**Q** 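For reference, the structure I am asking about is given below.
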Amino acid sequence: MNPQTAAIFGAAIAAIVALSVALYNSWRQSKLEYEKWLRAREDQTDKEFRLAVADLTKKIVQGTHRIIWLAWKAKNEPTNLTEEDFIMYDKQMAEIFPDIVGSRIIVAALNQKVHIEITPFVRRLYALDEEVAKARILFRETPEKSTATLAACYDKTIKFDSELLVRVTDIVDLSRKES
């Protein structure tokens, strides 16, 4: 091989190596950018999920606190309990329940397993609300029995509220570890 051919051959090899390195670096950079994008997307989904769970929990807690306040009044100021209290309660709960359904849909879309774990708390809220409805019916006929029934809801609802907060915290932490 003559020197001129060797130089051309060497230059060709150098060009191929340079091109290979450039292609490899470009591929590697593209892969890193894709992985970065995936992490950002996962972080955003995780953030949306946590916000959805927090929103659903907030709405359930709003419902429990409506029951707690009404039940507290029945327990501590039974003679001051009025039909107006029940009307106000019903109006407030009528605003909360559709929001709970909407929040459940979002949580279910983001994480079905967590939705299944939170659903019993929603059902317990509905059951407590049903007890309040029964107390309201009794109130018209026998206010004393109604206030006693409603006062009994106070401790149940306080217990429920505490369990909800502890359990939702556990569910979200477990979900984070599984991700």
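None of the values given here were measured: they were computed from a predicted structure.
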**Q** Would a 4.5 Å heavy-atom cut-off, applied to side chains only, mark Asp85 and Trp69 as touching?
**A** no
**Q** Less than 4.0 Å between a side-chain N and a carboxylate O, is that true for Asp46 and Arg50?
**A** yes
**Q** Looking just at side-chain N and O atoms, do Thr119 and Arg104 make a donor-acceptor pair shorter than 3.5 Å?
**A** yes
**Q** Answer yes or no: is there a side-chain heavy-atom contact under 4.5 Å between Phe86 and Ile137?
**A** no
**Q** Which is it for Gln62 and Gln92 under the side chain to side chain contact (heavy atoms under 4.5 Å, CB included) test, yes or no, and what are the steps along the way?
**A** CA-CA 9 Å; Gln62 286 173 338; Gln92 292 168 338; over 6 Å; no
**Q** Would you check if the side chain of Thr82 reaches a backbone N or O of Glu84 as a donor-acceptor pair within less than 3.5 Å?
**A** yes
**Q** Measure the CG-CG distance between Leu125 and Leu164 for me, rounded to the nearest 0.5 Å.
**A** 9.0 Å
**Q** Are Ile171 and Ile106 linked, directly or through other ILVMFWY residues, by side chains that come within less than 4.5 angstrom of each other?
**A** yes
**Q** Establish whether Val17 and Phe9 are linked, either directly or via other cluster members, by ILVMFWY side-chain heavy-atom contacts under 4.5 Å.
**A**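 Same hydrophobic cluster.
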**Q** Just how far is it from atom CG of Leu128 to atom CZ of Arg66, taken to the nearest 0.5 Å?
**A** 15.0 Å
**Q** With a 6.0 Å cut-off (strictly less than), is the heavy-atom count around CZ of Arg41, excluding the residue itself, greater than 12?
**A** no
**Q** Under the 3.5 angstrom rule, does the side chain of Thr149 hit a backbone N or O of Ala135 as a donor-acceptor pair?
**A** no
**Q** Tell me the closest heavy-atom pair linking Ala151 and Ala74, and the distance in Å.
**A**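 Residues Ala151 and Ala74, closest heavy atoms: N-CB, 3.9 Å.
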**Q** According to a 4.5 Å side-chain heavy-atom criterion applied to Ile, Leu, Val, Met, Phe, Trp and Tyr, with indirect links allowed, do Tyr89 and Tyr154 form part of one hydrophobic cluster?
**A**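 The answer is no; the residues belong to distinct hydrophobic clusters.
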**Q** Are the side chains of Ile60 and Ile118 in touch, meaning some heavy atoms are under 4.5 Å apart?
**A** yes
**Q** Any sub-3.5 Å donor-acceptor pair from Asn76's side-chain atoms to Trp72's backbone N or O?
**A** yes
**Q** Salt bridge check: are Asp55 and Lys59 linked by an N-O gap of less than 4.0 Å?
**A** yes
**Q** Looking only at non-hydrogen atoms, find the nearest pair between Pro98 and Met93 and report the distance.
**A** CD-O, 4.5 Å
**Q** Scan Leu56, Leu51, Thr57 and name whichever one has a side chain to side chain contact (heavy atoms under 4.5 Å, CB included) with Val53.
**A**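 It is Thr57, the one option of Leu56, Leu51, Thr57 that forms the side chain to side chain contact (heavy atoms under 4.5 Å, CB included) with Val53.
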**Q** To the closest 0.5 Å, what do you measure between NE2 (His65) and CD1 (Ile68)?
**A**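 Rounded to the nearest 0.5 Å, the NE2-CD1 separation comes to 4.5 Å.
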**Q** Between Ser103 and Ile100, is there a donor-acceptor pair closer than 3.5 Å when you use the side chain of the first and the backbone of the second?
**A** no
**Q** Between Lys73 (side chain) and Pro78 (backbone), is there a donor-acceptor pair under 3.5 Å?
**A**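 Judged by distance alone, no pair lies under 3.5 Å.
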**Q** Who clusters with Ile87? Use side-chain heavy atoms, under 4.5 angstrom, across I, L, V, M, F, W and Y, and order the result by chain and number.
**A** none
**Q** In terms of hydrophobic clusters joined by side-chain contacts under 4.5 Å, are Met88 and Val132 together?
**A**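 Cluster IDs for Met88 and Val132 differ.
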**Q** With Gln44, which residues qualify under side chain to side chain donor-acceptor pair (under 3.5 Å), at least two apart?
**A** Glu48
**Q** Look up atom OG1 in Thr169 and atom CZ in Arg167, then write down how far apart they are to the nearest 0.5 Å.
**A**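 It is 10.0 Å, given to the nearest 0.5 Å.
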**Q** List the atom pairs, with distances to 0.1 Å, where a side-chain N or O of residues 27-37 and a protein N or O form a donor-acceptor pair under 3.5 Å, not counting sequence neighbours.
**A**
{"residue": "Gln29", "atom": "NE2", "partner": "Glu33", "partner atom": "OE2", "Å": "3.1"}

**Q** Distance from Glu42 atom CD to Lys47 atom NZ, nearest 0.5 Å?
**A** 16.0 Å
**Q** If I take atom CG from residue Asp43 and atom CG from residue Leu38, how far apart are they, to the nearest 0.5 angstrom?
**A**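 Nearest 0.5 Å value for the CG-CG distance: 11.0 Å.
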**Q** Phe97: what forms a ring-ring contact (aromatic ring centres under 6.0 Å, His included) with it, not counting sequence neighbours?
**A**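 By the ring-ring contact (aromatic ring centres under 6.0 Å, His included) rule, Phe97 matches Tyr126.
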**Q** Hey, are the side chains of Val61 and Phe121 touching, using non-hydrogen atoms and a 4.5 Å cut-off?
**A**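 They are not in contact (no side-chain heavy atoms under 4.5 Å apart), so the answer is no.
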**Q** With sequence neighbours left out, write down each residue that passes side chain to side chain contact (heavy atoms under 4.5 Å, CB included) with Thr5, or none if nothing qualifies.
**A** Met1, Asn2
**Q** Taking only residues two or more places apart in sequence or in another chain, which ones pass side chain to side chain donor-acceptor pair (under 3.5 Å) with Thr157?
**A**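 Testing Thr157 for side chain to side chain donor-acceptor pair (under 3.5 Å), a comparison that skips the adjacent residues, returns none.
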**Q** For residues Phe49 and Val114, determine if any side-chain heavy atom of one lies less than 4.5 Å from a side-chain heavy atom of the other.
**A**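 They are in contact (side-chain heavy atoms under 4.5 Å apart), so the answer is yes.
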**Q** Do Ser146 side-chain atoms and Thr142 backbone N/O form a donor-acceptor pair below 3.5 Å?
**A** no
**Q** Indicate the atoms forming the closest heavy-atom contact of Ile96 with Gly63, along with that distance.
**A** CD1-N, 3.8 Å
**Q** Do Lys75 and Asp155 come within less than 4.5 Å of each other through their side chains, counting heavy atoms only?
**A**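 Of all side-chain heavy-atom pairs linking Asp155 with Lys75, at least one is under 4.5 Å.
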**Q** Side chains of Thr64 and Ile158, heavy atoms from C-beta outward: is any pair under 4.5 Å?
**A** no
**Q** Would you say Leu81 and Leu70 make side-chain contact, with heavy atoms under 4.5 Å?
**A**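 Answer yes - side chains close enough.
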